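Note that this is a predicted model, so its numbers are computed, not measured.
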Protein chains: 4
Amino acid sequence: MNQHRNGPVRSAAAREAVLAATTRLFHEQGYDKLTIEGIAREAGVGKQTIYRWWSSRGAVIADCLAEGRLFPVEFEVPDSGQLLPDIEHWLSTVLAVLDARNGGELVRSLVAAAAEDPAVGASLSERLGVERSLAARLERAVRDGQLPANAPIDQIGESILGAVILRALGRQNDSGEPLRRLVRFLFAPSARLRGDLEE
Amino acid sequence: MNQHRNGPVRSAAAREAVLAATTRLFHEQGYDKLTIEGIAREAGVGKQTIYRWWSSRGAVIADCLAEGRLFPVEFEVPDSGQLLPDIEHWLSTVLAVLDARNGGELVRSLVAAAAEDPAVGASLSERLGVERSLAARLERAVRDGQLPANAPIDQIGESILGAVILRALGRQNDSGEPLRRLVRFLFAPSARLRGDLEE
Amino acid sequence: MNQHRNGPVRSAAAREAVLAATTRLFHEQGYDKLTIEGIAREAGVGKQTIYRWWSSRGAVIADCLAEGRLFPVEFEVPDSGQLLPDIEHWLSTVLAVLDARNGGELVRSLVAAAAEDPAVGASLSERLGVERSLAARLERAVRDGQLPANAPIDQIGESILGAVILRALGRQNDSGEPLRRLVRFLFAPSARLRGDLEE
Amino acid sequence: MNQHRNGPVRSAAAREAVLAATTRLFHEQGYDKLTIEGIAREAGVGKQTIYRWWSSRGAVIADCLAEGRLFPVEFEVPDSGQLLPDIEHWLSTVLAVLDARNGGELVRSLVAAAAEDPAVGASLSERLGVERSLAARLERAVRDGQLPANAPIDQIGESILGAVILRALGRQNDSGEPLRRLVRFLFAPSARLRGDLEE
DNA sequence: AGCTAAACGAGACGGTACGTCATGTCTTCTC
DNA sequence: GAGAAGACATGACGTACCGTCTCGTTTAGCT
């Protein structure tokens, strides 16, 4: 028995306009300058329409995040068969994006949004598009015997992502070399034992 | 506030009152509810006195952070000579604090403050009191040969801290076991190679 | 030639519900708190149904007024043959109603509605139920020779009503004696000439 | 012991700007289109400044009224020694103003404001500038013996003013003759008795 | 009896204004 | 001359209604 309701239905156009405007403003101004009124103005939408469908500023961000509107690219981890070079290549891509204009600001805005709003926090890691692909690659490495069978794949991904976030919070302008050393440490364990991580 | 003074000297009492009020409010309400007016009210201080000496809300937080007012305890890493048990013990302490009331909220507030304000971001990692002690312990491990000579000590610390932060952002209520698996992975490399991380 | 139309006709139930709800809310909350949405909610009616049949909030009020829903009683002027005692008795009735709970507020609400909406203004004086009956009594007085043949009956009524309204606007809590003095002045001209309005 | 207070003092410029803007908007748009935000915008003033010093829209109007900003002219009653001609002349002046552009609207706006706000209501009659001057003239008439010693002067004034208001509420476009007949009735009692109010 | 179009309840929509709160600057008075 | 108190212009908050506009449902009168 279908539960029917009368009346007009949610406007897809309004929803789209809100998410598009939010994405635009988020990239242009960052999270803390993002306001409901600003979104409404930019989207050509009444404030009440936003409040009707989203509980907070963070909830709008979370929707944008869930639809992949906040990241310009997907960070795919290549799979050449050799774990460390693949990860290093992926890391270079990530760092290149982050060091481009507003990349660090984008991360900080996301973190601020996640800190403020549970919904954003909940979808942050998986939707970041980072861990998903990374985890897939690591699972493959486990199957290939390059990582032990019970390596904590998710946690390894989170530790790398966490280090990336901390770097963004500290506004460090290093070359990315410290992060590269971290992944080498993580994925070249035999080298670690031999003490020849670096030549 | 302070009693009779002749010279135009910065009032130590006012400074103290501001920092104390900020600490109190930060713990009670979190970063996003923290306002300059609220601090001034709570401290019994004029708004202008705050603006005179601090450039922003974040700068006040950064001062509190720098003076160790925001953390109830210092997280010292014990040194029994055995790296992994020491780290696991330390991690248990950290997790216990975070899972206590408002512990997660405290981390999220700090992260939000760091995301918003460069000054907070800059002092976050070292002042967190976490990495300093952790790095010292890891250096000792290097000297003892438990870690390779060129292990990226700071980055390892940041990766752990980053994972802790991500856990707080995701509001996860796990037992902390995932984090424990991560440190085991990080500090038991030989086990990893043998595939017997867990029995 | 009848222009025929299909479909249902205006719902008497909806009309009744709207007018009843309006009357209820008008008495409970006054004119300025009266809203179309509130009426629709109270009447269990769609907003559009109101907009379809009435042009404005004032038009609904005007309808209520025209059907005598806004006044709890009719103010009949008795006719004992003696003009002044009749008028004074009527005035006492009016004042008693006005000084009862919300009586003044009712007048003010009506005046506000009349000020805002021409339709209400147009029907205010005649529909008030005041002047109609008063004018009838004054005409009788003219026939009886108690008033000159061309006394401005309508204007006399309006002047009394106007004085009543001004009293309500000023929120005066006098006993009503000033109004009584006015009607004595109006209807005891010979006394006036003799200077013995009051003994 | 004087109870002293620190801090800046109320800005005379802001007060003046608010009252001037209110007066302007009131005349241009009437009371119901008058909004706090509109006043603030027009005055170049923050909304909060208005809310700090006035409790409501009506309170601002009441201040304007009290300073005579809402009426373009003072309605002085001439004093030639002969009551009726003086009053008729005054009435002509009043009617001329009311029938000019927006005169009726002005009255209706004032009445609406008075109905909504006690402060406006309280100062309406005296500040209207109407009754004050009228009462003075009537008192003179009493002294001259043209009115009985205990004629209810204030009430007579209110009855005239009330009739004027009712006329404005009804949007009547009569020539003003009915009002003239009323004052003739009020102030030519002997004529009334002889039934020769009009020849 | 079926068809059809209007009226209905519900309520989403782009707006305006509300009254409150915080911002960062400025002014006044006290110590 | 630093500091408390707080007024100021600005602007966002979240709420309430405005008047218009869909939605599906219900119902009256014509075929």
Side-chain angles (χ1 to χ4, degrees), chain A residues 4-11 13-15 17 33-41 43-53 55-57, chain B residues 1-11 13-14 17 33-41 43-53 55-57, chain C residues 4-11 13-15 17 33-41 43-53 55-57, chain D residues 4-11 13-14 17 33-38 40-41 43-53 55-57:
Chain A
H4 62 82
R5 214 198 33 68
N6 280 355
V9 100
R10 176 170 189 177
S11 157
R15 192 190 117 95
K33 298 255 179 79
L34 190 70
T35 65
I36 298 280
E37 297 211 332
I39 295 171
R41 209 179 305 126
V45 138
K47 263 202 295 184
Q48 199 57 49
T49 297
I50 299 181
Y51 283 110
R52 180 152 34 232
W53 300 111
S55 62
S56 67
R57 186 172 63 141
Chain B
M1 170 107 342
N2 71 8
Q3 272 61 318
H4 26 263
R5 53 170 44 263
N6 300 349
V9 170
R10 175 170 187 179
S11 159
K33 297 250 179 88
L34 190 69
T35 66
I36 297 281
E37 297 211 332
I39 295 171
R41 206 181 308 126
V45 138
K47 270 202 297 182
Q48 196 54 48
T49 297
I50 299 180
Y51 282 110
R52 185 157 25 233
W53 300 110
S55 62
S56 69
R57 185 172 63 146
Chain C
H4 62 79
R5 222 198 15 73
N6 280 356
V9 293
R10 175 170 189 176
S11 157
R15 191 189 117 95
K33 298 253 180 85
L34 191 68
T35 65
I36 298 281
E37 297 211 331
I39 296 171
R41 207 182 307 127
V45 139
K47 270 202 294 182
Q48 197 55 48
T49 297
I50 299 180
Y51 283 109
R52 185 159 24 236
W53 301 111
S55 62
S56 68
R57 185 172 63 144
Chain D
H4 59 82
R5 214 197 35 65
N6 281 355
V9 99
R10 177 171 188 174
S11 157
K33 297 253 180 83
L34 190 68
T35 65
I36 298 280
E37 297 211 333
R41 210 181 304 127
V45 137
K47 264 202 294 184
Q48 198 57 52
T49 296
I50 299 181
Y51 284 110
R52 190 174 300 117
W53 301 111
S55 62
S56 69
R57 188 171 61 144

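- If you take CD of B:Glu37 and C1' of E:dT25, they are 12 Å apart, rounded to a whole angstrom.
- Going from atom NZ of A:Lys47 over to atom OG1 of A:Thr49 covers 12.0 Å, rounded to the nearest 0.5 Å.
- Within the structure, every side-chain polar atom (N or O) of C:Ser11 is placed at least 4.0 Å from both OP1 and OP2 of F:dT27.
- Nearest heavy-atom pair across B:Ala43 and B:Ala17 is CB-O, 3.5 Å.
- In this structure, OH of D:Tyr51 is placed 9 Å from C1' of E:dT20, rounded to the nearest angstrom.
- Between the P atom of F:dG29 and the CZ atom of C:Arg10 lies a distance of 16 Å, rounded to the nearest Å.
- The CD1-C1' distance, from C:Ile39 to F:dC18, rounds to 13 Å in whole Å.
- Contact between the side-chain N/O atoms of A:Thr49 and the OP1/OP2 oxygens of E:dA12 is not found at any separation under 4.0 Å.
- With rounding to whole Å, D:Arg41 atom CZ is found 20 Å from F:dC8 atom P.
- Going from atom CH2 of A:Trp53 over to atom P of E:dG14 covers 12 Å, rounded to whole Å.
- Side-chain atoms of C:Pro8 lie closest to E:dA7 of the nucleotides F:dA9, E:dA12, E:dA7.
- Positionally, the nearest nucleotide of DNA chain F for B:Gln48 lies more toward the 5' end than for the other of B:Gln48 and C:Lys33.
- Between C:Ala43 and A:Ala14, the residue anchored nearer the 5' end of DNA chain E, judged by the nucleotide with its closest heavy atom, is C:Ala43.
- For the atom pair CZ of D:Arg57 and CG of D:Leu34, the computed distance is 6.0 Å after rounding to the nearest 0.5 Å.
- Note on D:Gly38: nothing from the nucleic acid sits closer than 4.0 angstrom, heavy atoms only.
- A pairwise comparison of heavy atoms in A:Gly46 and A:Ala40 identifies C-CB, 4.3 Å as the closest pair.
- Geometric assessment of A:Arg10 against the ring of A:Trp53 yields a positive cation-pi assignment under the 6.0 Å and 45° thresholds.
- Residue D:Gly7 is the one, among D:Gly7 and C:Thr35, whose nearest nucleotide of DNA chain F lies closer to the 5' end (criterion: closest heavy atom).
- Distance CD1 (A:Ile50) to C1' (F:dG14): 12 Å, rounded to an integer number of Å.
- Here the nucleotide nearest the side chain of B:Arg52, chosen from F:dG29, F:dG3, F:dC8, is F:dG3.
- One can find a donor-acceptor pair under 3.5 Å joining the base of E:dG24 and the side-chain atoms of B:Lys47.
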